[in-house]
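Below you'll find the structure, written out as structure tokens, and then a few comments.
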Amino acid sequence: MSELIERELRDSLIYDGAVVKLHKYTVALPDGRTAYREIVRHPGAVCVLPLTAENEVICVRQFRFPFDRVLTELPAGKLDSPDEDPLAAAHRELREETGAVAGRMVFLGELYPSVAIFDENIRMYLATDLTFGDTDPDDDEFLDVLRIPLDQLVEQVLSGEIQDAKTQVAVLKTAAMRNK
């Protein structure tokens, strides 16, 4: 395994943004040659699959500027800092985006959405025993909240109607867990 390891020789900060930082690294390859790696550093994020007692998933629809379209996704958001507790962030994002409060939150695992260029780590949760109140989205966040039966959402993932990676993975993991 050690023959696969790359070693950092130099780190240059190219861009320092509000959400991400772009670094250019010079690395030593396993065979001794050098190469460059451009990495986007991200504080991390959470994704929540809120499942009602009726086996419906609370989803959000929002415009995603990079793709110039509205996407159906699970409630999600970035950590306020790399040190923020992901479970606390999951509870916060669920309430802000859907108005739901989870009586139970189960960790579904971690997702690395683009391992070649991003270090973003999305922690995924299944939220159950839901109660509902008011939403409180961020000032720049415009969402439609909808309920989709879990089985229908699985079909939408499999048919390609749901393109968002975190939503695909959390939906399929939840469906697999419930079918055990």
Side-chain angles (χ1 to χ4, degrees), residues 4-27 35-51 57-102 104-128 130 133-145 157 162-174:
L4 299 176
I5 304 299
E6 297 178 358
R7 191 172 41 84
E8 178 186 328
L9 300 174
R10 189 173 322 120
D11 173 7
S12 301
L13 180 63
I14 296 171
Y15 175 76
D16 188 2
V19 177
V20 298
K21 298 174 184 345
L22 175 60
H23 292 257
K24 182 177 182 179
Y25 293 94
T26 305
V27 298
Y36 299 101
R37 302 288 183 248
E38 292 177 352
I39 306 294
V40 177
R41 299 289 183 192
H42 186 279
V46 294
C47 168
V48 182
L49 189 146
L51 188 64
V57 179
I58 310 297
C59 294
V60 296
R61 288 186 43 82
Q62 62 183 317
F63 182 79
R64 290 303 193 175
F65 189 83
F67 300 100
D68 193 30
R69 60 185 295 213
V70 174
L71 297 177
T72 300
E73 305 173 41
L74 294 176
K78 73 175 187 59
L79 301 179
D80 287 340
S81 77
D83 299 327
E84 182 180 15
D85 174 42
L87 180 59
H91 280 284
R92 180 191 72 237
E93 290 295 332
L94 176 63
R95 186 191 53 75
E96 286 179 359
E97 293 189 5
T98 70
V101 175
R104 184 166 183 248
M105 199 74 90
V106 175
F107 183 63
L108 293 174
E110 297 180 348
L111 173 67
Y112 300 161
S114 185
V115 296
I117 59 171
F118 293 104
D119 75 347
E120 182 180 20
N121 180 356
I122 302 174
R123 282 79 165 201
M124 300 175 294
Y125 296 89
L126 169 62
T128 56
L130 304 174
D134 293 330
T135 63
D136 185 24
D138 295 336
D139 291 340
D140 64 348
E141 195 170 43
F142 298 87
L143 307 166
D144 287 333
V145 179
V157 167
I162 303 291
Q163 298 89 2
D164 177 60
K166 66 187 178 305
T167 300
Q168 290 181 351
V169 172
V171 165
L172 295 177
K173 282 186 137 188
T174 299

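Keep in mind that the numbers below use all heavy atoms, side chains included, and drop hydrogens, waters and symmetry copies.
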[X] versus [Y], closest heavy-atom pair with distance:
X	Y	result
L130	A100	CD2-CB, 4.4 Å
P50	L74	CD-CD2, 4.4 Å
L94	P75	CD1-CG, 4.5 Å
H42	D119	N-OD1, 2.8 Å
P43	K78	CG-CD, 4.4 Å
E97	A76	OE2-O, 2.6 Å

Report yes if the side chains of [X] and [Y] come closer than 4.5 Å at any heavy-atom pair, otherwise no.
X	Y	result
E8	H23	no
F118	I39	no
P86	Y125	yes

Looking at [atom1] of [X] and [atom2] of [Y], how far apart are the two atoms once the value is rounded to the nearest 0.5 Å?
X	Y	atom1	atom2	result
K166	L111	NZ	CG	9.0 Å
D136	T98	CG	OG1	11.5 Å
E96	E141	CD	CD	7.0 Å
T26	E6	OG1	CD	11.5 Å
L79	E120	CG	CD	9.0 Å
R61	E73	CZ	CD	10.0 Å

Is there a donor-acceptor contact under 3.5 Å from the side chain of [X] to the main chain of [Y]?
X	Y	value
E38	I117	no
Q168	I162	yes
K173	L108	yes

- Task: Determine whether more than 12 heavy atoms belonging to other residues, nucleotides or ligands lie under 6.0 Å from atom CG of D134.
- Result: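 At most 12 heavy atoms, drawn from other residues, nucleotides or ligands, come within 6.0 Å of this atom.
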- Item | R104 atom CZ: more than 12 heavy-atom contacts under 6.0 Å |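 No - once you tally the heavy atoms of other residues, nucleotides and ligands closer than 6.0 Å, there are 12 at most.
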- Verify side-chain contact (heavy atoms from CB on, under 4.5 Å) between Y36 and V27, making sure each step is shown before the conclusion. CA-CA 6 Å; Y36 299 101; V27 298; over 6 Å; no
- Which word best sums up how the rings of F63 and F65 line up, parallel for under 30°, tilted for 30 to 60°, or perpendicular for over 60°?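 Perpendicular: the ring planes of F63 and F65 meet at over 60°.
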- Pick from V57, L51, V48: which one makes a side-chain contact (heavy atoms from CB on, under 4.5 Å) with L126?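 Single side-chain contact (heavy atoms from CB on, under 4.5 Å) partner of L126 among V57, L51, V48: L51.
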- Go through R92 and D80 one step at a time and tell me if the salt bridge (Lys or Arg N to Asp or Glu O under 4.0 Å) criterion holds. CA-CA 11 Å; R92 180 191 72 237; D80 287 340; 3.3 Å; yes
